[in-house]
Each structure stands twice: as C-alpha cells, then as structure tokens.
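Report on the following structure.
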Amino acid sequence: MSTYRSDFLAILAERGFIHQVSEPDALDARAKSETITAYIGFDCTAPSLHVGSLLPIMMLYWLQQTGHRPIVLMGGGTTRVGDPSGKDESRRMLSDEAIDRNLKGIRAIFSRFLKFEGEGGNAVMANNADWLNRLNYIDFLRDIGRHFSVNRMLSFDAVKLRLERQQELSFLEFNYMVLQAYDFVELHRRYGCILQMGGSDQWGNIVNGIDLGRRMLNAQLFALTSPLITTSSGAKMGKTAAGAVWLNADLVSPYDYWQYWRNTEDGDVVRFLKLFTVLPLSEIARLSALKGAEINEAKKMLATEATALVHGRAAAEAAAETARRTFEEGTLAETLPTVEIARADLERGLGVLVAFAEKAGLVASNSEARRQIRSGGLRVNDRTVADEKMILTAHDLTAAGVIKLSLGRKRHVLLKPV
RNA sequence: GGGAGAGUGUCCCGAGCGGCAAAGGGGGCGGACUGUAAAUCCGCUGGCUUACGCCUUCGUAGGUUCGAGUCCUACCUCUCCCA
C-alpha cells in the first residue's frame, strides 16, 4: 500500500484499520490540506454497542484526533428497514419504541471517545430518522430512485448472496442500500461530509452513496472500510458464552470487560493493541517483543488500556487490581462482582444449587449446577464442591464477611449477606 | 391457479424402520496440561428431582394408534417446476 501523507490516513494505515479506500491519493490530499468531515452509521438494533463496533468508533476517534470532524450517524430510520448485508435471514422487525430506547443507550458511549459540539469539540451526532421518516414515497422515487439501476443492485454481494442461496430478500431490505446511499448525500448537503467509513461488508453500500452523490450533486465522495476482525483461531470478535461483550457498564461490568481483553489469544495481542488502545506504536513495538509467558504483561496492558477507553482510567485500574489479587496472589479481592443475599437465607441454610444458580447466576439452572459439580467445576471459598446437597451457612463466611463462589478458574462472584 | 419438495433439540448445521430426551458435527461450558494463551486429550451440553421418576421439546392445529419426530387431514412459512 502506498504511504499516506495525511496524519489521518497514515495513522489508520499503520494501526491496521484500513481494508479498502476509494481514490486513496485524492482523499489523502484533502485530508492533508483541509479539515474533512466523515461519518459512520450505527444501527440501533441493540440497547448498547458491543466490542464489534469498537473498531469504527476508534476510526472516528483518530479522525478527530488528527484534526478532522466526525459525524456519528444513528440509524434511527434505517434500523426500521434492516440491513441485509452479511445476514442469512431477514432480521426481526423492531418496534419504533425499541429502536428509540436502543438509540438512547448507544448515544452515551460516544461521549467517551469524541468531543461533541457544545462540549468543546466539533463532533456531530445525527439521526437519519430526521430526514428518512418524512420522505414522500413518490418524490423519493423520482428524485433518488431514478439514479439506481436494479440490474446493478442485483450484482452487489449482499443481494447476490441471498439470491444465490435462495433465501428470501424482502423489498423492504432491498431498499436499505438506497436509503444508506441517500444518507451519505444528505450528510454531504448538511455538513459537507465527504467520507463514509464502515466495516468491509459496507463497501457496496458506501460505493452506492458515492455514485449517488456524483449523479445528484456532482460531489466527490470517498469510502474507507476496515477489515473484518476475527481472532487468530477464526472466531468473530465480541462473543462469549455469556453473550456479546457490550460496552455499557450495566450490561458488562468493567471487571468482565477487562477480563475479556485479558484473555486475548497470543497471536492477536499486538494487532489488538494497535486497534483498540491509543498507546503509541513505539510502546506497542516494545510489548510485541515479549515472548512466552511474558506476553501476559502485554495482555494486561491491552486490558487496562482498552478498559480505560470505555469505562475510564479509574475503573480500568480497579479491574486490573481485582484481577491481580484474585489470580496472582490468590487472595480474596472484595471488589469482585458481588451479589447481596438476605442474611436470613444464610441462617436458614442455603443450598449450593440455589446459591450458584438463583443467587449468583453463575449457572443457568439447578441442573446445570449439578452437572458442573459432577465435573468439578464449582468451588466455594476455593474448595471444590463435591456434594450437590451441600448447605451454605454463616460458618462459610470468610473473614471479610462474604462467601466466594467460583465457576471454573476464572469466574467468581461474592455472596454478601445484608 | 396446478404439480413437487422442505421446516428437527429456541446458538448453528444436520441424521432419524412407529417405542426417542431423539445419531453425528460445529459452537459453548467444565476438567487435565499451561502462562487467566493456543494446541491437545477427557467429560458435559432441555427443565424439575436426593432418588425411582416426572414434565416440556421435532412449523401450527387436529386425527389414527397401547404408543407418533416418524402415518393421515387441514393450515402456516419457504423453495423449485408448470401456467
């Protein structure tokens, strides 16, 4: 790949964010000579963003850090339609209320990464519902629809895949790319936005927007996509047994978030340090020289830095300290996730099954707890539970006044009587 | 409108002569080994139950049977062929 002269593209390139760029030289020149405005769209399909969305967020972060203007586009309108890209099946239709609720949850995350207008920054938060919701169908067809060739739309991967696999693609979803293209044009009109970024699966959609911009406004627009990030062993990022790794603290605690990064595979550490932390590359180069068990130092760095970005420095260091005491010293850290239980329950005697399943929520059901006991996976105060009929009482309280329940080596919950 | 086929364990894929809690994968979880890694090996992977066992599951609703994922009828959804 050519070397970029603008700070923005140079940084994205050396940190591994770039998969494809349209007209890289022209974009580089503009990013070098002027302040450019770029956007990324975010779906409102869930109440929070998860780790998978972190990559685009980081691209906006670097955009602003290198002197440009980021636009976060909330898909309040497009989420009502549903993007067929990369999906085998139609998505379930979300109610407008659900979308609205999700939108609010997602919004909060961005203030960690970007400085918005009114907060001493220049970032813009937009919502495509503002223009999509009031479109008039016939007008839209005449103004926008005439620029689209169905022949060409059928050739895009997102559509082709569905057709080839003989899976249904509704007319509703078929229109998604038209709406997304229109978003780009609308953002160009409103904010002078010239660049849309996104994951590699968005390339087709973005290019549609570029075409539309040229036809309607004779504008030169650009596309930049990031690679699909998978772990070295091929798994998609952001999924664990417990579900997605959400960015909101009420869905995934800072401690669990820290743990997620701490458990990164060896082969991914350097790549992730570049993508998901803002550590200087020189520092990352130093960490990448570590070998064998020393790589754990790099993983801790990754975990703490990545957590600090999302949850703040203090929460990140608290999580690191909790982990250090739990894993390295083997002592009890009172800052482990804690569940309060009624003191009366304890005096009456609390069955282990209930304690693990209902109270701590470490396992999904009593049956699951039984199975785990049979395979030696449950521990109370670091002693393996051998008997599923075991009863917890006040005698099991440690000096710190809690009972430590563990599932496997890594997952711990403290029961605290109140 | 006519004809043919498909829908299986609510993570996915996928077998299933009328006796099935239902083969086999993948994924996930636990154990061993390690470095809170990877790879490898072993176990588990519907719910309730101390247990005998009970309950809920194969697109939906009925029916035939001692007994139905398996047979019949209707309906729903998706494919394909003809019009």
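Each chain gets a letter, A, B and so on, in the order its sequence line appears, and its residues count up from 1.
- With its glycosidic angle within 90° of 0, B:rC20 is assigned syn.
- Spacing between B:rC48 and B:rU56 at atom P, rounded to whole Å, works out to 15 Å.
- If you find the closest nucleotide of RNA chain B to A:R379 and to A:E294, the one lying nearer the 5' end belongs to A:R379.
- Atom P of nucleotide B:rG35 and atom NZ of A:K410 are separated by 14 Å, given to the nearest angstrom.
- Pair assignment for B:rG1 gives B:rC82, based on Watson-Crick or G-U wobble hydrogen-bonding distances that are each under 3.5 Å.
- For the pair A:D266 CG and B:rG35 P, the interatomic distance rounds to 12 Å; values are reported in whole Å.
- For A:K416 and A:E340, the salt-bridge test fails: no basic side-chain N is under 4.0 Å from an acidic carboxylate O.
- B:rA37 makes up no base pair with any nucleotide shown, lacking Watson-Crick or G-U wobble contacts both under 3.5 Å.
- Contact check for A:I36 versus A:R69: no side-chain heavy atoms found under the 4.5 Å cut-off.
- With a cut-off of 3.5 Å on both pairing distances, B:rA68 has no Watson-Crick or G-U wobble partner at all.
- For the pair A:E329 CD and B:rU36 P, the interatomic distance rounds to 14 Å; values are reported in whole Å.
- Closest contact between the side chain of A:S375 and the listed nucleotides B:rU34, B:rG35, B:rG30 involves B:rG30.
- Pair check for B:rC52 finds none; no Watson-Crick or G-U wobble contact set falls under 3.5 Å.
- In this structure, the CG atom of A:L273 is 18 Å from the P atom of B:rA37, given to the nearest Å.
- Put simply, CZ on A:R409 is 11 Å from C1' on B:rC33, counting in whole angstrom units.
- Dense packing is recorded around CZ of A:R313, with more than 12 heavy atoms of other residues, nucleotides or ligands lying under 6.0 Å away.
- Taking atom CG of residue A:D256 and atom C1' of nucleotide B:rU36, one finds them 13 Å apart after rounding to whole Å.
- The same atom, C1', is picked in B:rC72 and in B:rG18; the two are 13 Å apart, to the nearest Å.
- Regarding A:N263, its CG atom lies at a distance of 14 Å from the C1' atom of B:rC29, rounded to whole Å.
- Nearest nucleotide to the A:R262 side chain, out of B:rA38, B:rU36, B:rC29: B:rU36.
- Comparing B:rC54 with B:rG28, their P atoms sit 35 Å apart, to the nearest whole Å.
- Base pairing of B:rA22: no nucleotide in any strand meets the Watson-Crick or G-U wobble criterion (both distances under 3.5 Å).
- Using a 4.0 Å heavy-atom cutoff across all strands shown, A:T264 reaches sugar-phosphate atoms only and no base atom.
- Side-chain contact between A:L221 and A:L195 is absent, with no heavy atoms from C-beta onward closer than 4.5 Å.
- Using a 4.0 Å heavy-atom distance criterion, A:L378 is classed as making no nucleic acid contact.
- Rounded to a whole angstrom, the distance from the C1' atom of B:rG19 to that of B:rC33 is 44 Å.
- Among the atoms of the strands shown, none is found under 4.0 Å from any heavy atom of A:E328.
- For the pair A:K300 and A:E328, the salt-bridge criterion is met [side-chain N within less than 4.0 Å of a carboxylate O].
- At a threshold of 4.5 Å between non-hydrogen side-chain atoms, the residues A:Y260 and A:V252 do not count as touching.
- Legend: salt bridge (Lys or Arg N to Asp or Glu O under 4.0 Å) pairs involving residues 130-152 of chain A, not counting sequence neighbours, sorted by first then second residue: A:R152-A:D211.
- Of all nucleotides present, none satisfies the Watson-Crick or G-U wobble test against B:rC17 with each distance under 3.5 Å.
- Note on residues 353-363 of chain A: pairs passing salt bridge (Lys or Arg N to Asp or Glu O under 4.0 Å), not counting sequence neighbours, are A:D345-A:K359.
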- [ ] Evaluate side-chain hydrogen bond (donor to acceptor under 3.5 Å, both in side chains) for A:S406 paired with A:H412, printing each intermediate quantity in order.
- [x] CA-CA 4 Å; A:S406 310; A:H412 312 279; 2.9 Å; yes
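- Judged by Watson-Crick or G-U wobble contacts below 3.5 Å, the nucleotide B:rC29 has B:rG43 as its partner.
- A side-chain donor-acceptor contact under 3.5 Å links A:N263 to the backbone of A:Q259.
- Residues from residues 296-316 of chain A lying near RNA chain B, meaning a heavy-atom separation below 4.0 Å, are A:N296, A:K299 in numerical order.
- Between B:rG7 and B:rC12, the distance separating the two C1' atoms is 15 Å to the nearest Å.
- Remark: B:rU77 base-pairs with B:rA6. Criterion, Watson-Crick or G-U wobble with two distances under 3.5 Å.
- B:rA37 sits 46 Å from B:rA61 when the P atoms are compared, rounded to a whole Å.
- B:rA68 and B:rG62: their P atoms are spaced 14 Å apart (whole Å).
- For residues 274-285 of chain A, the salt bridge (Lys or Arg N to Asp or Glu O under 4.0 Å) pairs, not counting sequence neighbours, are A:E283-A:R286.
- Regarding A:E265, its CD atom lies at a distance of 7 Å from the C1' atom of B:rA38, rounded to whole Å.
- Going from the C1' atom of B:rC41 to that of B:rA21 covers 28 Å, rounded to whole Å.
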Please tabulate, one pair per line, each protein N/O and nucleotide N/O from nucleotides 46-52 of chain B that are separated by under 3.5 Å, including the distance.
{"residue": "B:rG47", "atom": "OP1", "partner": "A:S365", "partner atom": "OG", "Å": "3.0"}
{"residue": "B:rG47", "atom": "OP2", "partner": "A:R371", "partner atom": "NH2", "Å": "2.3"}
{"residue": "B:rC48", "atom": "OP1", "partner": "A:N366", "partner atom": "N", "Å": "3.3"}
{"residue": "B:rC48", "atom": "OP2", "partner": "A:S367", "partner atom": "N", "Å": "2.8"}
{"residue": "B:rC48", "atom": "OP2", "partner": "A:S367", "partner atom": "OG", "Å": "2.4"}
{"residue": "B:rU49", "atom": "OP2", "partner": "A:N366", "partner atom": "ND2", "Å": "3.0"}

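- Every residue meeting the ring-ring contact (aromatic ring centres under 6.0 Å, His included) condition with A:F42, not counting sequence neighbours, appears here in chain and number order: A:F110.
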